[in-house]
Amino acid sequence: MSGDHLHNDSQIEADFRANDSHKHKDKHKDREHRHKEHKKDKEKDREKSKHSNSEHKDSSEKKHKDKEKTKHKDGSSEKHKDKHKDKDKEKRKEEKIRLSAGDVKIKKEKENGFSSPPRIKDEPDDDGFYVPPKEDSKLLKRPREDDDAEYKPKKIKTEDIKKAKKRKQEEDEDNKAKKAKSKDKKVPEGDKKKKPKKEEEQKWKWICVLNNWLTFWWEEERYPEGIKWKFLEHKGPVFAPPYEPLPENVKFYYDGKVMKLSTKAEEVATFFAKMLDHEYTTKEIFRKNFFKDWRKEMTPEEKSTITNLSKCDFTHMSQYFKAQTEARKQMSKEEKQKIKEENERLLKEYGYCVMDNHKERIANFKIEPPGLFRGRGNHPKMGMLKRRIMPEDIIINCSKDSKIPAPPPGHKWKEVRHDNKVTWLVSWTENIQGSIKYIMLNPSSRIKGEKDWQKYETARRLKKCVDKIRNQYREDWKSKEMKVRQRAVALYFIDKLALRAGNEKEEGETADTVGCCSLRVEHIKLHPELDGQEYVVEFDFLGKDSIRYYNKVPVEKRVFKNLQLFMENKQPEDDLFDRLNTSILNKHLQDLMEGLTAKVFRTYNASITLQQQLKELTNPDDNIPAKILSYNRANRAVAILCNHQRAPPKTFEKSMMNLQSKIDAKKEQLADARRELKSAKADAKVRRDEKSKKTVESKKKAVQRIEEQLMKLEVQATDREENKQIALGTSKLNYLDPRISVAWCKKWGIPIEKIYNKTQREKFAWAIDMAEEDYEF
DNA sequence: TGATAAACTTAGAATCGGCAGA
DNA sequence: TCTGCCGATTCTAAGTTTATCA
């Protein structure tokens, strides 16, 4: 099945087509707008019903829930199913009529809150009771500050320990042959092949060459499930530098007149000024949010004067910052060196921690500076002020017996806790979404490396049972239960197309993006026949980071028919899988395989695809650059599968032209060299002496050298062109089992540096050390 | 059991910095 | 020595999954 991903030309072609997503932006904006309008209408209706039903709300809600429970528990409602379905249809019809008649737009409130019937053939007959609108979840949320104040360390779930034991047992059984090495250590299967002698060498290599502890980490004591460390010491975070007011000569103008701003207002104004050249500042939402938050920082006088953002002139400020950037570039070597040294000092002091017996690099030890929030896509909160984080916002996590970091003079931490069931060192709550931000360790750390390794081991376990799971979901396409069918079709998409799970999102809090479970009817089109193919589904939606997913995929007839069924009597804004969410799906997956979640399919399919593609594309006779091109192509196939797109680099056309002119020049050089060789040969034929023979040889070598250089350039051009809108890094870093790449390098004698840069080699040190050339994912 | 919080992974854009060629 | 390019690195947003609580 996973082969599907690769040989599906239409998909690849479509994905390439998808890359001009910006062309379709307007269409999407329009849709998004319509969806929002629709949701607004729903909200209004909810408000209405809230008022009219407020008295009965509680009791009817409870009743509904109870009925819902009973219905799902037993199959007693089966006999009523037909009636129910008819009623349901009737209701929808009514609504359709009302809607088309221009009546108040009321989103159909289905029984159980679902749009589709629970059973496919027969329908239970119930009252079609009204589902009360959801409470505004914002109101239900507890203030986070309280949470923090009453922090309790988490309990270790006994369940986890049981699970861990069980898994370990399985692994041990699986690895009987290799058991001698593993004993009490929890080492994932498949990585214990190495002969002791080689192990010693490897260990030594690590000690000598990298002075890295990595070699040891699977030799070390394992902690009980849930415990992440025993000792943790660090110096706390580095705060953003304080605001430096602008020099007197840098002016801000309002309505054409110079206006001196208060420090607070000025600081926020500089955030906008620094972004003046960015498209963001032209967007209405961005401007609106910025202005609203900016006004909060103004003095009453400023507030009464500055009432219109369009009358604000930030250009002078903007020019000042540009000049500063320029000046920074023009700094002398010494000045640059000084800055570099200061950064190194900071890194040395704050960039590392001690976790258990090891000094570990911290990923992000600097607190995010204040600024304007840059949401991706059509984010409703873009432009809002990201406030400055103070020590009083910071929670420090370290061990009791460590030297607790000191807050900056005159300040104190919000809290110091000692929770060794989490991996973060520092946390704070940001003000835009109210979410928690963390300072954690670098990917090269033990704690991250181990987790990464574990992730690929889970994906490898899926490999063993994926056929069974696929057969199961195929069976489920025929299920009598709507929920089961929807789950099976969604899983098919996740597996075949590597879609993300698709959690529900809070409306108005984020951009309108979806994943598999949250797909709406408007995101797919069904074509019984398209371009000579049967049963084609056309996907068009915005996924994570508002990256467009566009794909036309032929699917199996049963899937197609099911989709028709799921879409029946639904509005474009309705959920396609109205009886499914990620938690239902993941619970089901957990039953199929321990540790299985929707995400694992992406990892599995990405890695297996890389392995297959490498086998297919690597030509043993190729030289190293050509083999690397094959590797990149295999990587690209995965990136396409996972829809990892990037904006084409701004200088792309130019750099391609430069490369092309280099190629042309090289071709001319080659032609010259060949001419010279020809005449040298002719000369040697006449003279027949040693000197002319030698000349021929050296000319031959020159031709060869130039040919190689030309080939290298041409390969580079191909690679770059194919990579125009595809980002390889994401899949390389997050989805491809590094042991596949390491094994491939070893097999074909490719230096690992050609595939992984320094940082990547650090992150994948565990894999580089482990994998031999015969490693199989 | 469902909602929400917390923890952690995945993601693309922005920025940095080193190097090749003018 | 300067400039521009490009890969590396940093930054932080946006997901998924797990844990917790009512």
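Keep in mind it's a predicted model, so treat the numbers as computed, not measured. In what follows, chains carry the letters A, B, and so on, assigned in the order in which the sequence lines appear, proteins first and then strands, with residues in each chain numbered from 1.
- When distances run from any side-chain atom of A:Asn364 to the nucleotides B:dT10, C:dT12, C:dT17, the shortest one goes to C:dT12.
- With the nearest nucleotide of DNA chain C identified for both A:Gln760 and A:Gly543, A:Gln760 has the one nearer the 5' end.
- Note on A:Asn503: every side-chain N or O is 4.0 Å or more away from OP1 and OP2 of C:dG15.
- A donor-acceptor distance shorter than 3.5 angstrom exists from the side chain of A:Gln590 to the backbone of A:Gly595, with no hydrogens or angles considered.
- Within the 4.0 angstrom heavy-atom criterion, only backbone atoms of the sugar-phosphate kind lie near A:Lys228; the bases stay farther away.
- Within 4.0 Å (heavy atoms only), A:Lys336 reaches no atom of the nucleic acid at all.
- Across all strands, A:Pro443 comes closer than 4.0 Å to no nucleic acid atom at all (heavy-atom distances).
- Place A:Tyr756 and A:Glu430 on DNA chain C by their nearest nucleotides, and A:Tyr756 ends up nearer the 5' end.
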Reading 5' to 3' through nucleotides 11-22 of chain B, protein heavy-atom contacts under 4.0 Å coded B for base, S for sugar-phosphate only, - for none
SBSS---S----
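- If you take CD of A:Glu415 and P of B:dA6, they are 11 Å apart, rounded to a whole angstrom.
- Ring geometry, A:Trp424 versus A:Tyr438: the interplanar angle falls from 30° to 60°, so the pair is classed tilted.
- Within the 4.0 Å cut-off from OP1 or OP2 of C:dA14, not a single side-chain nitrogen or oxygen of A:Thr510 is found.
- Aromatic ring pairs are classed by plane angle as parallel below 30°, tilted from 30° to 60° and perpendicular above 60°; the pair A:Phe493 and A:Phe539 is perpendicular.
- Between the CD atom of A:Glu450 and the C1' atom of B:dT9 there is a distance of 17 Å, rounded to whole Å.
- In this model, the phosphate group of B:dT10 is approached by a side-chain N or O of A:Lys599 to a distance below 4.0 Å at OP1 or OP2.
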Audit row: A:Tyr456, A:Ser607, side-chain hydrogen bond (donor to acceptor under 3.5 Å, both in side chains) steps and yes/no:
CA-CA 9 Å; A:Tyr456 291 112; A:Ser607 289; 5.6 Å; no
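- Between the P atom of C:dA13 and the CZ atom of A:Phe286 lies a distance of 12 Å, rounded to the nearest Å.
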Show the numbers, then the answer: is there a side-chain hydrogen bond (donor to acceptor under 3.5 Å, both in side chains) between A:Glu341 and A:Gln337?
CA-CA 6 Å; A:Glu341 277 166 12; A:Gln337 186 57 28; 3.3 Å; yes
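- DNA chain B is contacted by both A:Lys587 and A:Lys763; A:Lys587 maps to the nucleotide lying nearer its 5′ end (nearest heavy atom per residue).
- Judged by distance alone, with hydrogens and angles left aside, the side-chain atoms of A:Asp419 form a donor-acceptor pair with the main-chain N or O of A:Lys421 at under 3.5 Å.
- Residue A:Asn586 is classed as a sugar-phosphate contact, given heavy-atom separations below 4.0 Å to backbone atoms only.
- Defining each end axis of the helix from B:dT1-C:dA22 to B:dA22-C:dT1 as the rotation carrying four pairs' C1' atoms onto the next four, with five pairs an end, the two axes are found to diverge by 10° to 10 degrees.
- Atom NZ of A:Lys386 is separated from atom C1' of C:dT12 by 6 Å (rounded to the nearest Å).
- When heavy atoms are screened at a 4.0 angstrom cut-off, A:Gly502 is found touching the sugar-phosphate backbone but no base atom.
- Rounded to whole Å, the distance from NZ on A:Lys455 to C1' on B:dT10 is 8 Å.
- Salt bridge annotation for A:Arg460-A:Glu457: present, with a cationic side-chain nitrogen under 4.0 angstrom from a carboxylate oxygen.
- Look at A:Gln433 and you'll find a side-chain N or O under 4.0 angstrom from OP1 or OP2 of C:dA14.
- Side-chain N/O atoms of A:Asn635 and A:Ser731 include a donor and acceptor closer than 3.5 Å.
- The side chain of A:Lys505 lies closest to C:dG15 when the candidates are C:dT18, C:dT16, C:dG15.
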Using nucleotides 1-3 of chain C, report all nitrogen or oxygen pairs with the protein that are shorter than 3.5 Å.
none

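- Between A:Glu349 and A:Arg345 a salt bridge is recorded (basic side-chain N to carboxylate O distance below 4.0 Å).
- Within the 4.0 angstrom heavy-atom criterion, no nucleotide atom of any strand lies near A:Gly729.
- Whole-Å rounding puts the A:Ile227 CD1 to C:dA19 P distance at 13 Å.
- A:Thr513 comes within 4.0 angstrom of sugar-phosphate atoms only, judged by non-hydrogen atoms across all strands, and of no base.
- For A:Lys336 (side chain) and A:Lys329 (main-chain N/O), a donor-acceptor pair under 3.5 Å exists by modelled atom type.
- Atom CG of A:Asn442 and atom C1' of C:dA8 are 14 Å apart (whole Å).
- Rounding to the nearest 0.5 Å places CH2 of A:Trp766 at 5.5 Å from CG of A:Asp452.
- Among the candidates A:Leu589, A:Leu596, A:Asn605, the single residue satisfying the side chain to side chain contact (heavy atoms under 4.5 Å, CB included) test with A:Leu462 is A:Leu596.
- When the side-chain nitrogen and oxygen atoms of A:Lys448 are compared with OP1 and OP2 of B:dT9, one or more of them lie within a distance under 4.0 Å.
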Going through the distances and angles, do A:Glu430 and A:Ser435 end up as a side-chain hydrogen bond (donor to acceptor under 3.5 Å, both in side chains)?
CA-CA 6 Å; A:Glu430 55 92 34; A:Ser435 63; 2.9 Å; yes
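- At a threshold of 4.0 angstrom between heavy atoms, the contacts of A:Phe373 are confined to the sugar-phosphate backbone, with no base atom among them.
- A:Thr423 has a side-chain polar atom (N or O) that falls below the 4.0 Å cut-off from OP1 or OP2 of B:dC8.
- Atoms CH2 (A:Trp428) and P (C:dC11) sit 11 Å apart, rounded to a whole Å.
- Under the 30°/60° scheme for interplanar angles, the aromatic rings of A:Tyr280 and A:His278 are found to lie parallel.
- OP1 or OP2 of C:dA13 has at least one side-chain nitrogen or oxygen of A:Lys437 nearer than 4.0 Å.
- At the phosphate of B:dA7, neither OP1 nor OP2 sits under 4.0 Å from any side-chain N or O atom of A:Lys421.
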